[in-house]
Structures are given as structure tokens and as C-alpha cells.
Amino acid sequence: MFSMATPSNSPMIVATILFNIAFLFLSLHPAEAQIGVCYGGNGNNLPSKQDVVNLYKSNQIGAMRMYAPDQTLQTALQGSGIKIILGVPNDNLQSLASDQSAANQWVQTNVVPYGSSIKYIAVGNEVHPSDQQASSVQPAMQNVLNALNSNGLGGQMKVSTSIDTTLITNSFPPSNGQFSDSSYITPIINFLKSNGSPLLVNIYPYFAYINNEGQIRLDYALFTASGTVANDPNNGLNYQNLFDALVDAVYAALGRADAHDIAIVVSESGWPSEGGDAATVDNAGTYYRNLISHVKQGTPLKQQGIETYLFAMFDENNKQGAPTEQHFGLFSPNQQPKYGQLNFN
């Protein structure tokens, strides 16, 4: 027989019901990863693709950035629960921009069979306004989206591009941030606004620090400063770390471009363990641990969690560029962690 709750026990019953509803909702709609890790693959001594997926799973890493399609890896990812940023390589941009059928084929081959695991498609990485592919970025984004829509996938994943912070000028104080070339970035921003897509941004306090060691303190770059290091006189916000200042400069640039509501996904951030100034195991471990815990709280300007992808999963001995480029891995190629047990949740 059903009886009405008395005033003394009704709050407890209501609380129990609400808890059960919340638990059921979370069970049916598990939270997606806030922290992901980039997989570059530029090495001749890396684990098999299945072992890579197993290492992500065993460390509870729920998201991966891939820089190009890899059908072996994408097949291994199916059913793993790991969500991915799938990259369109820069050398594909011009063909996808100029030919809708080429974009259709790219999506049919690289996206349709693996659609359930893809969260974002990054059309180009760190393309600059002076690059040959610059005029192709936004048209390629549009053609990829058209192809997704024709396959019923347009509402399932977001199309964006990944930029670096060299596109931002007047970055200090952060509120002065603006894009250096509006003719390049404006069509991209308009696309993101129209389609509810985030802007993917590679954020590297390490490079900002080594290029300005006379002006930037190491503890400010490593999240270890004990108090305010910089103040933005335009809005009164205080900055205790360089990562926040770099992200907020991008937010300010978006605001100046009338795109206040575009979210930022940090599509790369990392610190090398050897090969250059301040590149040590201690510094790198400190940076990654502090970054993981910090991004959950957001920045002084936008106090909300930031989806962030650590660069990178492994040291990559074939990576071109400065010596540090080969030493950004969280793991050695033998799958041993370089910085102890990191908590990726």
C-alpha cells in the first residue's frame, strides 16, 4: 500500500529520488574525456596500433588526437570508447577545397566506417596566412561538412581547424589579444559560428618561455608560481600561470572578431624532457601534472573546464625540427611512463 511521506522524511525521499535520477542519467550519458593525448606516430620504434589503444585504455585516457587517417589504428579504436580528433593533413587541403567529390571520397573512406569514434575533424594544422594552403582551409572545412551532412553525420561531429598562437598579436595583457590577419581568420570564424564548432588551439607555454626567458619566469610557465605574476590592467584579472594568459588572449581575439561564444579546445600542449633550454624530466613532469589538474577550472576570463589534449603519447625519434621535438612523449616507445602515474581523469 502506498502512503504519503510525512514532513519529517520527505526531504530524504526527494533527495534519494534525485540522486537515483542523476545516477541513471550519468549511466546512460557518461561524461566524455576532458583530457586527451595526441598520437603522432613519427617513430620507427613505436608499439603496434593495438598496443597503443590498449595503453590508452589501461591509463584511462578517453580521447586521442590523430593527425591523419590511419585505418589500422581507427579499426583498433572501434568499441574502445576513445573519442578522437581526426586530422585532415595540410597537403590534402587544396584538393578537398577545390573538389567536393574529393571531400566526399575522403569522408567516405576515413570517416563513415569509424563515425562513432570521431568527435572532431581538424581540417589542417597550424596553417599560417602566408602558407600556400591558407586560402583552402575554410573551403575545405565546408566541403568536409557537406560530405558529412550527405552521410547523416553532420550532427554527430564538429568540423574545425587547429591554429597556433602565432596568429595572435598583442597577446599581453591578454585582453589586448587580436588576430594578426583578419582576412585569413574571418571566414574560418564565421564557419565555426554558423556550425557551433569550437576553435582548436595549440598552446605551448614552453615555446613562449624559451623565446622570452628574460621576460618570463619559469615558475609562471610551469604553474608553480605561488601568487599573482601578471595583472591585466584593462579588466583587473590576475594571472598566476602563462597557460591561462595565452588562452585568454585567444578568447580576447575571438571577442574582437565578434565570436564571444566560440569555445576553445586546446588541441596540443606539452613540455619536452630533453633537447633544449628548460627541457628536463622534472620540468616536463611538473608541467603535465599541473596542466591536467588546472584545466578543469578554466582561466581567469572563462572559469569553465577546457578540453585539452596533451602532446604527445610517445617520444618520436623521426620527428623533424629542433632536438626537443623528439622528446615530448608521456611514454617511452617501450610503453613505460616517463613521469610516473598521471591521472588523466
Side-chain angles (χ1 to χ4, degrees), residues 22-41 46-87 110-111 113-122 125 153 155-160 162 197-203 243 247 263-271 285 287-298 304-314 328-331 335-345:
F23 180 82
L24 178 62
F25 178 84
L26 291 172
S27 300
L28 294 174
H29 304 275
E32 291 186 344
Q34 190 76 20
I35 299 292
V37 178
C38 303
Y39 174 75
L46 299 180
S48 71
K49 304 303 169 59
Q50 186 59 62
D51 285 345
V52 170
V53 174
N54 292 343
L55 190 61
Y56 271 72
K57 291 173 64 177
S58 65
N59 284 275
Q60 298 183 305
I61 303 170
M64 173 190 293
R65 180 179 179 185
M66 298 173 56
Y67 292 86
D70 182 324
Q71 294 185 9
T72 302
L73 179 56
Q74 288 176 261
T75 299
L77 284 163
Q78 297 310 292
S80 68
I82 297 169
K83 295 292 186 179
I84 67 173
I85 301 176
L86 178 63
N110 302 308
V111 177
Y114 316 105
S116 62
S117 64
I118 299 172
K119 186 174 184 181
Y120 307 114
I121 298 179
N125 181 53
L153 295 172
Q156 188 172 314
M157 59 195 71
K158 295 297 184 181
V159 176
S160 187
S162 185
S197 295
L199 178 63
L200 309 182
V201 187
N202 299 340
I203 301 283
F243 177 90
V247 172
I264 289 175
V265 171
V266 175
S267 45
E268 289 182 16
S269 193
W271 195 285
Y287 182 79
Y288 286 116
R289 282 188 292 271
N290 290 337
L291 176 66
I292 290 169
S293 62
H294 180 77
V295 295
K296 299 171 185 177
Q297 66 194 50
Q304 57 195 42
I306 308 169
E307 186 176 352
T308 300
Y309 290 75
L310 311 185
F311 187 87
M313 192 65 172
F314 299 104
F328 275 87
L330 301 173
F331 293 84
Q335 304 183 55
Q336 294 303 304
K338 290 167 60 179
Y339 311 113
Q341 185 64 46
L342 298 176
N343 180 8
F344 296 97
N345 294 321

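Any value given below was found using the heavy atoms of this structure, including those in side chains, with hydrogens, waters and symmetry copies removed.
Note that CD1 of Ile85 and CD1 of Ile118 are 11.5 Å apart. Values are rounded to the nearest 0.5 Å. The line from CG of Asn345 to NZ of Lys296 is 7.0 Å long, rounded to the nearest 0.5 Å. Separating the OG atom in Ser162 from the OH atom in Tyr120 is a distance of 12.0 Å, to the nearest 0.5 Å. In this structure, Ile61 CD1 and Leu330 CG are separated by 7.0 Å, a value rounded to the nearest 0.5 Å. Taken to the nearest 0.5 Å, the OG atom of Ser117 stands 8.5 Å off from the CE atom of Met66. Annotation: the span from Ile35 atom CD1 to Gln60 atom CD amounts to 13.5 Å, rounded to 0.5 Å.
With hydrogens and angles ignored, the 3.5 Å screen pairs a side-chain donor or acceptor of Lys83 with a backbone N or O of Ser116. Formation of a donor-acceptor pair under 3.5 Å by the Arg65 side chain with backbone atoms of Gly36 is not found in this model. Looking at Lys338, its side chain does come within 3.5 Å of a backbone N or O of Gly329 through a donor-acceptor pair.
In terms of heavy atoms, Val53 sits closest to Leu77 at CG2-CD2, 3.8 Å. Scanning both residues, Pro198 and Ser160, for their nearest heavy atoms gives O-OG, 2.6 Å. Across all their heavy atoms, Pro113 and Gln78 have their closest contact at O-OE1, 4.2 Å. Nearest heavy atoms, Leu291 versus Phe243: CD1-CE1, 3.6 Å. Contact record, Cys38 with Phe311: CB-CD1, 3.8 Å, taken as the closest heavy-atom pair. Closest heavy-atom contact between Pro47 and Gln335: CG-CG, 3.6 Å.
The only option from Tyr309, Tyr288, Tyr287 that meets the side-chain hydrogen bond (donor to acceptor under 3.5 Å, both in side chains) definition with Ser269 turns out to be Tyr287.
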side-chain contact (heavy atoms from CB on, under 4.5 Å) for Val295 and Val266? Distances and angles first, verdict last. CA-CA 10 Å; Val295 295; Val266 175; over 6 Å; no

Chi angles and distances behind the side-chain contact (heavy atoms from CB on, under 4.5 Å) call for Ile203, Val247: CA-CA 7 Å; Ile203 301 283; Val247 172; 4.1 Å; yes

Check the pair Leu342, Asn59 against side-chain contact (heavy atoms from CB on, under 4.5 Å), reporting the backbone distance first and the verdict last. CA-CA 8 Å; Leu342 298 176; Asn59 284 275; over 6 Å; no

Using the side-chain contact (heavy atoms from CB on, under 4.5 Å) rule, take Asn290 and Trp271 through it: C-alpha gap first, then chi angles, then the decisive distance, then the call. CA-CA 12 Å; Asn290 290 337; Trp271 195 285; over 6 Å; no

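Within 6.0 Å of atom CD in Gln156, more than 12 heavy atoms from other residues, nucleotides or ligands are found, so the atom counts as buried in its surroundings.
Remark: the Gln74 side chain and the Asp70 side chain contain no N/O donor-acceptor pair separated by less than 3.5 Å.
By the 4.5 Å heavy-atom criterion applied to side chains, Leu46 and Tyr39 are counted as neighbours. Between Met157 and Leu86 there is no side-chain heavy-atom pair separated by less than 4.5 Å. Using a 4.5 Å heavy-atom cutoff, the side chains of Asp51 and Asn54 are in contact. Side-chain atoms of Tyr114 and Gln71, non-hydrogen and from C-beta on, do get closer than 4.5 Å to each other.
Using a 4.0 Å cut-off between charged nitrogen and carboxylate oxygen, Glu307 and Lys119 count as a salt-bridge pair.
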